[in-house]
**Student:** 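If you scroll down you'll find the structure; I have some questions about it.
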Amino acid sequence: MIPIVTPTEMAAIDAAAPEPVEELIERAGAALARTTLDMLGGSYGRRVTVLAGKGNNGADGRAAARRLKLRGVRVAVIDAADAPASLPAAHLAIDAAYGTGLRRPYSPPAIPAFLDRPGCSAPVLAADIPSGVDGLTGEIHGQAWTAEQTVTFGALKPGLVLHPGAQHCGQVTVASIGLDISAARTHMVTADDVSSWLPVRPAEAHKWQTACWVIAGSPGMTGAAHLAATAAMRGGSGYVRLSTPGLTHDPVAPTEAVGCPLPADNWGTAACAGDLSRFKAMLVGPGLSQQANTVESVRDLIAKVQLPLVVDGDGLSALGTDAPDVLIHRTAPTVLTPHDGEYRVLTGSAPESDRFAAARSLAATTGAHVLLKGPTTVVAAPDGDALAVANGDARLATAGTGDVLAGLICGLLSAEVEPMNAAAAAAWLHGQAANTRPAGGMAASDLLLALPKVWEAAAQQEATP
């Protein structure tokens, strides 16, 4: 996993480094210069414009400029505080104006014209973070150049992975400059991480070893239940029981799911009265409706069932702001999966701009693992650890994809994957499945068809030395 540290944490890491700040600046400048030469494809006849501020970020840019000049690159260094509206044309521009600590609105000059390509702007390389992007939240203060690449130092910063800042960063490379990042409690999930978390069925496996129960849907509204149940199968469950309260028979339910009727009222009590010992996980919520009897049954079930549990959709609405009081009775792991609107239902307010802090806050108050959905998904544990998943894109912004994600998490929990890893791996696989589909016209059920190949590819990556 790739460490992510806040600007405040990075300042403390810098201060604790045994090397003088001048040495760290030279190392950062060297990393910028190497990337610049790679982007230029060499140094002969190349021109670079460096927009440099007065702080350490500007010092990094000036250090890079000195090295580039030694390689024969013609470099123009422009002071960010006195920059003209039109900068010298170049084959590449280095944005070293302001770093992660900028809080005031920023109005940059126009990106330099691209030499040899009339009417085009030069590609931009950002030092640490594009100037104008908030290093903590990813918010844009005023305006920001959009970089083709960003070289950040020591660790990722939240502003590089949270939107809209992430859209200004291009390809992000973390350059090691000798800083100790080992205390980081936030990390970006990679394909290698997901590969290592995927469960492997033993040779003597049988279906009940990874059984789960999906309680979802309502009469006339069974689509969410079907998507979630199928996703649980794709996510590692060998046996999926599917119940839609108030529905005695569902003729179009997934063929492999085993139906189990529950009454329309007090179904939470009815579910708890059965033999739950054979199940390894449960999902409650997608498409249940928000009727009063549903709220009562959801709360009753959550308080009594001591299985690893995913609460999604209408299950989250049933918890509402009483979530901490309901969940306090649980001893088994719980995963909550809110989008921003459901987060407001659970807490009474929208997530703060620091989405890592928002997810951590809800996890701490509820004792649950929280998967906060968004362009970058954040998973937080009650102890404060957090993971970021930046896979997938706007293709997932369609009805039913959240039901697939919830089912995937439940399937991984049934295979006894740790809750934090199950939530993050499901989000990554979910996004990767979307990545395999055409840019337009994707439906949630398309993800179900893509998941086996995505899983297989991830598993093979783990098997490759």
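This structure is a prediction, so every number in the text was calculated from the model and none was measured. Computed from heavy atoms alone, side chains included, the values below leave out hydrogens, waters and symmetry copies.
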**Student:** Name all residues meeting the salt bridge (Lys or Arg N to Asp or Glu O under 4.0 Å) criterion together with R47; count only those two or more places apart in sequence or in a different chain, and write none if there are none.
**Tutor:** none
**Student:** Examine the side chains of R74 and T49 and answer whether a donor and an acceptor come within less than 3.5 Å of each other.
**Tutor:**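 T49 and R74 do not have a side-chain donor-acceptor pair below 3.5 Å.
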**Student:** Are any side-chain N or O atoms of R330 and backbone N or O atoms of V305, one a donor and one an acceptor, separated by less than 3.5 Å?
**Tutor:**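 Yes; at least one donor-acceptor contact below 3.5 Å.
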**Student:** Return each pair, listed once, that meets side chain to side chain donor-acceptor pair (under 3.5 Å) where at least one residue sits in residues 149-178; pairs must be two or more places apart or across chains.
**Tutor:** D128-T152, D128-K157, T146-H168, T152-K157
**Student:** Just checking I328: does its CD1 atom have more than 12 heavy atoms from other residues, nucleotides or ligands closer to it than 6.0 angstrom?
**Tutor:**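 Atom CD1 in I328 is not crowded, with 12 or fewer foreign heavy atoms closer than 6.0 Å.
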**Student:** Determine whether a donor-acceptor pair (N or O, by modelled atom type, separation under 3.5 Å) exists between the side chain of R360 and the backbone of G384.
**Tutor:**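 Looks like yes, one N/O pair under 3.5 Å.
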**Student:** Measuring from atom CZ of R234 to atom CH2 of W455, what distance do you get when rounded to the nearest 0.5 angstrom?
**Tutor:** 11.5 Å
**Student:** Cationic tip of R355 within the cone over Y343's six-membered ring, i.e. under 6.0 Å and within 45° of the normal?
**Tutor:**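 Relative to the ring axis of Y343, which defines the angle, R355 lies outside at least one limit.
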**Student:** Between E9 and R185, is the closest basic N to carboxylate O distance under 4.0 Å?
**Tutor:**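 A salt bridge is absent here (no side-chain N lies under 4.0 Å from a carboxylate O).
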**Student:** For a quick test of reading the model, state the closest non-hydrogen atom pair linking A33 to R67 and the distance between them.
**Tutor:**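 So the two residues come closest at CB-CB, 4.0 Å.
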**Student:** Within the 4.5 Å heavy-atom criterion, are E148 and L125 side-chain neighbours or not?
**Tutor:** no
**Student:** So, R395 and D446, do they make that salt bridge, N to O below 4.0 Å?
**Tutor:**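 Judged by the 4.0 Å cut-off on N to carboxylate O distance, R395 and D446 do not form a salt bridge.
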**Student:** Would you please say whether a donor-acceptor pair under 3.5 Å links the side chains of R104 and Y98?
**Tutor:** yes
**Student:** Any side-chain heavy-atom pair from F153 and N56 closer than 4.5 angstrom?
**Tutor:** no
**Student:** Under 4.0 Å between a Lys/Arg side-chain N and an Asp/Glu carboxylate O for D312 and K373?
**Tutor:**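 K373 and D312: salt-bridged.
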**Student:** Taking all atoms of both residues into account, what is the closest heavy-atom pair of A96 and G61, and its distance?
**Tutor:** CB-CA, 3.7 Å
**Student:** Checking side-chain polar atoms at under 3.5 Å, does S414 have a donor or acceptor matched by the opposite partner on S237?
**Tutor:**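 The answer is yes; a qualifying pair exists.
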**Student:** For atom CD of E139, is the number of surrounding heavy atoms from other residues, nucleotides or ligands below 6.0 Å larger than 12?
**Tutor:**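 Yes, enclosed.
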**Student:** For P452 versus L448, what's the shortest heavy-atom pair and its separation?
**Tutor:** CD-O, 3.4 Å
**Student:** For R117, does the CZ atom sit with more than 12 other heavy atoms under 6.0 Å from it, leaving out its own atoms?
**Tutor:** no
**Student:** Is it true that the side chains of T190 and D193 contain a donor and an acceptor less than 3.5 Å apart?
**Tutor:** yes
**Student:** Between the side chains of S131 and D95, does any donor sit under 3.5 Å from an acceptor?
**Tutor:**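 Short answer, yes.
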**Student:** For the CG atom of D340 and the CG atom of L372, what is their distance to the nearest 0.5 Å?
**Tutor:**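 D340 CG to L372 CG: 6.0 Å, rounded to 0.5 Å.
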**Student:** Is it the case that the side chains of Q432 and N435 hold a donor-acceptor pair, with the cut-off being a distance below 3.5 Å and no angle test?
**Tutor:** yes
**Student:** Would you say V161 and M188 make side-chain contact, with heavy atoms under 4.5 Å?
**Tutor:** yes
**Student:** Roughly how far, to the nearest 0.5 Å, is the SG atom of C212 from the CG atom of L307?
**Tutor:** 10.5 Å
**Student:** State, yes or no, whether a side-chain contact exists between L405 and L371 at a heavy-atom distance under 4.5 Å.
**Tutor:**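 With C-beta onward as the side chain, the pair touches.
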**Student:** How long is the gap from CG on L309 to CD1 on I409, to the nearest 0.5 Å?
**Tutor:**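 L309 atom CG to I409 atom CD1 measures 11.0 Å (nearest 0.5 Å).
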**Student:** For the atom pair CD (Q306) and OG1 (T334), what is the distance rounded to the nearest 0.5 Å?
**Tutor:**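 Those atoms lie 8.0 Å apart.
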**Student:** Should P338 and V370 count as side-chain neighbours, where that means a heavy-atom distance under 4.5 Å?
**Tutor:**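 In contact.
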**Student:** With the side chain counted from C-beta on, respond yes when L156 and P3 share a heavy-atom pair under 4.5 Å apart, and no when they do not.
**Tutor:** no
**Student:** Are L447 and H430 side-chain neighbours, meaning at least one heavy-atom pair lies under 4.5 Å?
**Tutor:**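 SC-SC contact between L447 and H430 confirmed.
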**Student:** Rounded to the nearest 0.5 Å, what's the gap from CD1 on I129 to CG on N57? Could you check?
**Tutor:** 9.5 Å
**Student:** Going by heavy atoms in the side chains, are L136 and T8 under 4.5 Å from each other?
**Tutor:** no
**Student:** Applying side chain to side chain contact (heavy atoms under 4.5 Å, CB included), can you list everything that pairs with E19, at least two apart in sequence or on another chain?
**Tutor:**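 Residues passing side chain to side chain contact (heavy atoms under 4.5 Å, CB included) with E19: A17, E23, L24, R27.
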**Student:** Counting only heavy atoms not in R62 (residues, nucleotides, ligands), do more than 12 fall under 6.0 Å from its CZ?
**Tutor:** yes
